[in-house]
Amino acid sequence: MLNIRSYNLGPLQTNAYLLTGADPQRGVIIDPGMNPAALLRAVKDMEIEAILLTHAHFDHIGGVDELRKAKNCPVYVHALESEWLVSPKLNGSLMWPEASPPIRTEPAEYDLAEGQILELLGLTFKVFHTPGHSPGSVSFLCGNDLFSGDVLFKLGVGRTDLPGGRERDLVDSLRGKLYRLDEEVKVYPGHGQRTTIGFERRNNPYVSMP
């Protein structure tokens with residue numbers, strides 16, 4: 001049983017997720033964005049097994065080092081974006097100085113890859129490499145819960161005009177991977193409201209199933 005709490009962080013209103021399983025004192029964090037004070041308070045008395053990153057844009061990694069240092073936990077990111085954590089140019093924080101100072105974090109402890117299985121919280125997380133919004137974007141599936149980062153939103157998709165983005169890859173990621181999941185799978189995106197795979201297959205105006 002996966003329990004999910006969401007935190008809307010930073011000026012771009014990034015969704016960070018705090019996940020717990022059978023033990024409410026053990027957690028996993030997905031995408032700790034900027035200004036993570038509320039998330040830090042929530043995990044104060046918890047053990048955090050891992051920080052999982054759907055991708056390494058600045059608004060998704062702004063709280064990484066604060067949480068890693070506070071909880072002494074490892075960080076996972078796709079190998080294609082491992083250098084983005086240490087480079088404000090690559091992670092985009094130099095592009096929007098009005099939204100963020102230059103962001104650098106320590107390197108991730110672990111790389112992610114397509115088909116990888118992570119055993120966390122006594123549960124299984126499957127990694128899907130879902131590029132398009134960024135080259136190293138991934139989505140995490142745990143049971144019927146999918147954490148899609150900025151690849152798939154409710155009635156929307158991630159932008160592809162940022163460095164490393166590619167529209168063809170995004171369409172392939174959705175039609176070839178995520179849309180093939182069961183339609184009742186709940187989607188927890190990097191921004192905005194929760195949705196389901198079935199709803200997006202039928203209604204997403206940007207990418208639907210042909």
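- Looking only at distances, a side-chain donor or acceptor of Asp31 sits under 3.5 Å from a matching main-chain atom of Thr54.
- Note on Ile51 and Leu18: same hydrophobic cluster, where clusters join Ile, Leu, Val, Met, Phe, Trp and Tyr whose side-chain heavy atoms are under 4.5 Å apart, directly or indirectly.
- A donor-acceptor pair is defined here as one N or O able to donate and one able to accept, closer than 3.5 Å; such a pair exists between the side chain of Lys71 and the backbone of Lys44.
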For this session: Please step through side chain to side chain contact (heavy atoms under 4.5 Å, CB included) for the pair Thr124 and Leu118, ending with a clear verdict.
Result: CA-CA 6 Å; Thr124 298; Leu118 304 175; over 6 Å; no
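- Note on Val75 and Val28: separate hydrophobic clusters, where clusters join Ile, Leu, Val, Met, Phe, Trp and Tyr whose side-chain heavy atoms are under 4.5 Å apart, directly or indirectly.
- Here the closest heavy-atom approach between residue Leu121 and residue Gly21 is recorded as CD1-N, 4.0 Å.
- With Ser93 contributing its side chain and Phe58 its backbone, the two residues share no donor-acceptor pair below 3.5 Å.
- In this structure, Ser208 contributes its side chain and Asn204 its backbone to no donor-acceptor pair below 3.5 Å.
- Here the side chain of Arg180 pairs a donor or acceptor atom with the backbone of Arg175 at under 3.5 angstrom.
- For the pair Ile61 and Trp84, the tightest heavy-atom approach, listed with the atom from each and the gap, is CD1-O, 4.5 Å.
- Contacts of His78 classified as ring pair (Phe, Tyr, Trp, His ring centres under 6.0 Å), with partners at least two apart in sequence or in another chain: His129.
- Remark: Arg104 pairs with no residue by the side chain to side chain donor-acceptor pair (under 3.5 Å) rule, at least two apart or across chains.
- Side-chain contact annotation: Ser6 with Asn15, donor-acceptor N/O pair under 3.5 Å absent.
- The same ILVMFWY cluster, assembled from side-chain heavy atoms under 4.5 Å apart, contains both Leu178 and Tyr206.
- Without hydrogens or angle criteria, Glu81 side chain to Gly136 main chain gives a donor-acceptor distance under 3.5 Å.
- Taking Tyr17 as the reference, Phe147, Tyr188 meet the ring pair (Phe, Tyr, Trp, His ring centres under 6.0 Å) condition, with sequence neighbours excluded.
- Electrostatic pairing of Glu106 and Lys69 does not count as a salt bridge here, judged by no charged N lying under 4.0 Å from a carboxylate O.
- Under the side-chain contact (heavy atoms from CB on, under 4.5 Å) criterion, Glu98 pairs with Trp96, sequence neighbours left out.
- Here the CG atom belonging to Leu123 is positioned 9.0 Å from the CG atom belonging to Leu19, to the nearest 0.5 angstrom.
- Distance alone, capped at 3.5 Å, is enough to place a donor-acceptor pair between the Gln116 side chain and the Ala113 backbone.
- Side chain of His57 to main chain of Asn91: no donor-acceptor pair is present (N/O by atom type, distance under 3.5 Å, no hydrogens or angles).
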For this session: Would you sort out whether Glu183 and Thr196 count as a side chain to side chain contact (heavy atoms under 4.5 Å, CB included), showing the intermediate values?
Result: CA-CA 7 Å; Glu183 68 172 24; Thr196 67; over 6 Å; no
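- The minimum heavy-atom distance linking Leu9 with Gly33 is given by the pair CD1-N, 3.6 Å.
- Looking at every heavy atom in both residues, Gly27 comes nearest to Thr20 through CA-CG2, 4.2 Å.
- Applying the ring pair (Phe, Tyr, Trp, His ring centres under 6.0 Å) rule to Phe128 yields no partners; only residues at least two apart in sequence or on another chain are considered.
- Residues Leu181 and Ile197 approach most closely at O-CG2, 3.7 Å, considering heavy atoms.
- Rounding to the nearest 0.5 Å places CG of Asp23 at 8.5 Å from CD of Glu49.
- Taking Tyr110 as the reference, Tyr76 meet the ring pair (Phe, Tyr, Trp, His ring centres under 6.0 Å) condition, with sequence neighbours excluded.
- His191 contributes a side-chain N or O that, together with a main-chain N or O of Leu12, makes up a donor-acceptor pair within less than 3.5 Å.
- Hydrophobic clustering, with ILVMFWY side chains joined whenever heavy atoms are under 4.5 angstrom apart, groups Ile103 together with Met95.
- In this structure, CG on Leu2 lies 9.0 Å from NZ on Lys186, to the nearest 0.5 angstrom.
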